[in-house]
Each structure stands twice: as C-alpha cells, then as structure tokens.
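A quick write-up on the structure given underneath.
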Amino acid sequence: MSGGPRIAFIGAGSVVFTKNLLGDILERPELRGAEIALHDIDADRLATAEAMASYVAGVRGASPAISAHLDRRAALEGADYVLNMVQIGGHEATLKDFEIPARYGLRQTIADTLGVGGIFRTLRTADHMLALGREMAELCPDAWLLNYTNPMAMLCWLVYAGTPTSQVVGLCHSVQFTVADLAELVGVPEEEVTFTAAGLNHQAFILRFEHEGESLYPRLDARIAGDPDLQRRVRVEMYGRLGVFPTESSEHLAEYVPWFMRHDAELERFRIPVDEYIRRSEENLVEFETVKAALARGEALPVERSNEYAAVIIHSMETGRPAVIYGNVRNDGFLPGLPDGCCVEVPCLVDGTGLHPVAVPEYPPHLAALNRTMLNPIELTVRAVLEGRRDYVRDAAMLDPNTGATLTLDQIDALCDELTRAHGDLIPETLRAQAMERIA
C-alpha cells in the first residue's frame, strides 16, 4: 500500500529530468512512500524511466510504489500531483522548427518560448495539453498540474482557459539560477540574498536584490564595469538599459526582442549561439542512450538535489510547512500592468491549503510594456488554438519581435504554411485544415 500521495509523471521518458525530480521528492522522508505513476508513449523510454525510478528509490532508501503506463489515463487515475514534461514530436519536430525558418533567413537560438519556433511548439503540444486538462478533470479533479513543458506561458494558459482544470502552475528554474549566478558575481552566499522577481516566464526581472537590507545592485554594477567579458552578454546589456536584471539567459533573451538576431555584428559582439537548441537536443539523445546503458550495467549514477520546485510544492502541500516558490499562474490582478487572464510569473506561497500567488502591485511600467510585446504573440497563439483561428497563427508570427524584424509579411505567410504542412497531424485539425484550404 502507498504511504503517500500519488504523483504522475507525464513524459517520464525524459529520464534524466525524471531522475532529478524523483531524487528531490524521495529525499524528503514524508514522501518516501509516495506512489509514482510513470507514463510515456515510447515503450523503450518508459522502461528506462521505470528502471531509473527504482534506482533512485534505492539510492534514497525509499519505498515508493512504482508503476509504468503506456496509457496516460491509467497514470492519471487518482493522482494528487501531475508533472508534465513532454516534448511532442521529439527531436525531429525540433529540427523542423529550426531548419525551415532558417531557409527564410530567420535565426533562432532556443525556439521553445516565443517566435515561430515557440508558436509551432505550442501548436504541436496543444492537443496533448487540452486532453491532459480534460482527463485530469475527469480522473483526478483535485490534483495539481505542475507543468515543466515549454512554451510555459502559452501551455499553462491553454489548460486553465480551455479545460476545467484550474489548479495549474508552470515551473521553471530561471529565477533560481539567476539569483545563484548574481550572488556568486557579487560574492554573497546565495542563502543570504533576499530578492523579489516578477514578469513573464523567460522575461521576468529581479526587482529587489539585497543583502542585510542593502541593495546589491551597486556591487553588481561595479563587477560588470570591471569585466569586459560580462559586458558581452545580452542579459547584461538589457540590464544596463532596464535597470533591473532579467531572469533569462542571454541565448533565450536575444530572440524575444527585435534588436539582436538579425544583425551579424550583434551576434558576434554578444556571442549569441544561433541554433543552440539543436545542439542541446542532440546531446539529450546521446545522454539518454548513455544513461540507459549505465542502468543496464548496474553502474552508479549521481542523484543530487536540484533546485527545481516540484518537490518543494508537493512537500509543502502534504506537510503544511510553508514555502515560497516562483510559479507561472493565471493573472488575477497579481501584475496589474498586464492583462487579466494572461500567464504571469510571480512569487507564490505554498502550504497545506494549496498554492497562493502573491501580487506585485508596483511592477515598473517599462517592464510591463516590454512584457506586452511578448504577450501579443502568446495571446494570439492561445486564441488560435481555442478559437480555431488559423489567421491568428499568422498574426502571432507577424507580431513576434524577432520574426517581424527579419521577414516580410509574405515570407511570414509562406513560412507558417510550410511549417503547418511539415508538422502534419501534430497541428490541431481545425488549424491544419484551414491552412490547407488557404494553400489550395
């Protein structure tokens, strides 16, 4: 019998990520008897995930009830928490999202959040997210959906706006990593830093960065001024313009604005890695095979605590011990400078009663203005799916800062049509059919 909550891992074949999250969960004594339900549509990856779960349980001295399911509904049945970490279409779809736009002259770095890559990643993940939300409402209506799949803002918005499931939070590590990096730069132990962050996922900002009640920003300014290497980072350049440090890495941030990707000199000046995610995706394929072989040989694998929030949330809800995390949630006045209903990243208090977002009422207007340029394609992509409006897909691409700065309107139309054809059945049927009618 299970001695803890039932936790469903959807897309458990992301084996290394599954290892990290399970390691965090089973490290906590109150969760060592949890029921772990693993789901993946790839039988080989699912079997590897099951082997990894058993290995992690052994390392942690835990006794969870582990089950593996090719059927998603079986994994969701009775779940208390659902961790979503899928990549619909896999590496092949990722290549299409890069290689086809590149033929039009459109450069991308990560292409998982905004831009043409982000738009079409949302479209090919939309049917999964909507089905997941509906199935959760039927099979585990009280469960929390902890989403790790990008594009974070678009996919969380799709679920809470398009299904009965409202207990949704998107989880990222941008805020944690940024605070850790900044603390190291200014020479202050991370645990002694106090901070507040807010914004959109991958476009949030460290609004308060302090140690013992004093701002650490002057110390950071001095550190940057004395380091020419730091000055060659996109996020440092944006910090100098905006006055607060962005939470997203330079390779991400460069493609969310119109000022970098189309200029050869800026690519060189800020060392922007075009096509970076293709390299990461290829490395992930190699890593899976390496881990799979190591498990088969019985080799030891590192199981270390990560800085992901999933285990923190589950532990706080199960024990009632409060914690603060940063989550992506429906904007119900939490960031008043941004539209109600959009998905924002804000501090959240977690305890035995649930997850409670905290308002940031004095969010600076120039940051909200920049966020709104990011929200335009996000909102239109969500509405394209929910309203079955193919023209909104084109409009989202038109209003994307990097795409709009690089391509003509006719090129954008042609690119959206070609990507729709290339992704085929992964695109929602209504949008696919409309695209075919347009081409005909």
Side-chain angles (χ1 to χ4, degrees), residues 7-28 31 34 36-57 59-60 62 64 66 68-69 72 75 79 81-91 93-94 110 112-113 121 125 128-129 132 144-152 155-156 169-177 201-202 249 252 276-295 301-315 325-328:
I7 306 169
F9 285 69
I10 307 301
S14 302
V15 172
V16 174
F17 197 50
T18 294
K19 172 179 73 72
N20 294 341
L21 295 182
L22 270 175
D24 293 348
I25 291 167
L26 298 180
E27 182 183 36
R28 291 160 168 82
L31 302 179
I36 306 299
L38 307 171
H39 163 70
D40 204 281
I41 61 173
D42 184 313
D44 182 42
R45 282 185 170 267
L46 182 59
T48 304
E50 186 176 17
M52 178 63 81
S54 296
Y55 174 79
V56 172
V59 171
R60 289 290 190 239
I66 301 170
H69 309 272
R72 184 174 61 209
Y81 305 95
V82 177
L83 279 59
N84 182 62
M85 47 187 137
V86 303
Q87 186 183 5
I88 304 300
H91 180 67
T94 295
I110 306 296
D112 72 346
T113 299
R121 182 179 281 239
T125 312
H128 164 81
M129 296 303 297
L132 180 62
W144 275 90
L145 173 58
L146 311 183
N147 179 59
Y148 275 103
T149 298
N150 285 321
M152 187 66 66
L155 297 184
C156 292
V169 59
L171 302 178
C172 187
H173 45 234
S174 299
V175 172
Q176 306 97 293
F177 279 161
N201 182 240
H202 290 182
S249 64
H252 276 274
E276 171 64 17
Y277 193 75
I278 293 178
R279 293 184 282 273
R280 295 186 190 183
S281 183
E282 291 168 346
E283 290 169 359
N284 289 340
L285 295 176
V286 172
E287 185 176 33
F288 170 76
E289 295 298 336
T290 300
V291 169
K292 175 183 172 183
L295 284 169
L301 293 167
V303 181
E304 301 172 350
R305 173 175 282 205
S306 78
N307 65 355
E308 302 293 347
Y309 284 134
V312 177
I313 292 172
I314 296 170
H315 183 259
I325 63 102
Y326 278 80
N328 294 273

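Just so it is clear, the structure is predicted and the values come from calculations on it, not from any experiment. Along the sequence shown, residues carry numbers from 1.
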Pairing residues for [X] by the side chain to side chain donor-acceptor pair (under 3.5 Å) criterion, not counting sequence neighbours:
X	result
H128	R72, N84
E27	R305
S14	none
Y81	E318

Can you check whether [X] reaches [Y] side chain to side chain, under 4.5 Å on heavy atoms?
X	Y	result
I325	Q176	no
E276	I110	yes
H315	D24	no

Passes side-chain contact (heavy atoms from CB on, under 4.5 Å), N201 versus N150? Steps please.
-> CA-CA 10 Å; N201 182 240; N150 285 321; 3.9 Å; yes
Any ion pair linking R279 and E282 (charged N to carboxylate O, less than 4.0 Å)?
-> no
Any side-chain donor-acceptor pair under 3.5 Å between Q87 and T94?
-> yes
Report the distance from atom [atom1] of [X] to atom [atom2] of [Y], rounding to the nearest 0.5 Å.
X	Y	atom1	atom2	value
T125	D112	OG1	CG	10.5 Å
T48	L38	OG1	CG	11.5 Å
I313	I25	CD1	CD1	10.5 Å
S54	I66	OG	CD1	4.0 Å
L155	M129	CG	CE	5.0 Å
Y277	R121	OH	CZ	4.5 Å

Set of residues satisfying side chain to side chain contact (heavy atoms under 4.5 Å, CB included) with respect to [X], sequence neighbours excluded:
X	result
V291	V15, V16, M52, E287, L295, L301
A310	L21, L83, L146, Y148, L171
D42	D40, D44, R45

Could you tell me which non-hydrogen atom of [X] sits nearest to which non-hydrogen atom of [Y], and how far apart they are?
X	Y	result
L26	P64	CD1-CG, 4.0 Å
K19	P302	NZ-O, 2.8 Å
T149	V86	OG1-N, 2.9 Å
I10	A75	CD1-CB, 4.4 Å

Identify, with sequence neighbours excluded, every residue that meets ring-ring contact (aromatic ring centres under 6.0 Å, His included) alongside [X].
X	value
H173	F177
H202	H252
Y309	none

Quick check: does any side chain N or O of [X] sit under 3.5 Å from a backbone N or O of [Y], one acting as donor and the other as acceptor?
X	Y	answer
T290	V286	yes
T18	A12	yes
N147	C156	no

Given E308 and F17, is the side-chain contact (heavy atoms from CB on, under 4.5 Å) satisfied, shown in steps?
-> CA-CA 10 Å; E308 302 293 347; F17 197 50; 3.7 Å; yes
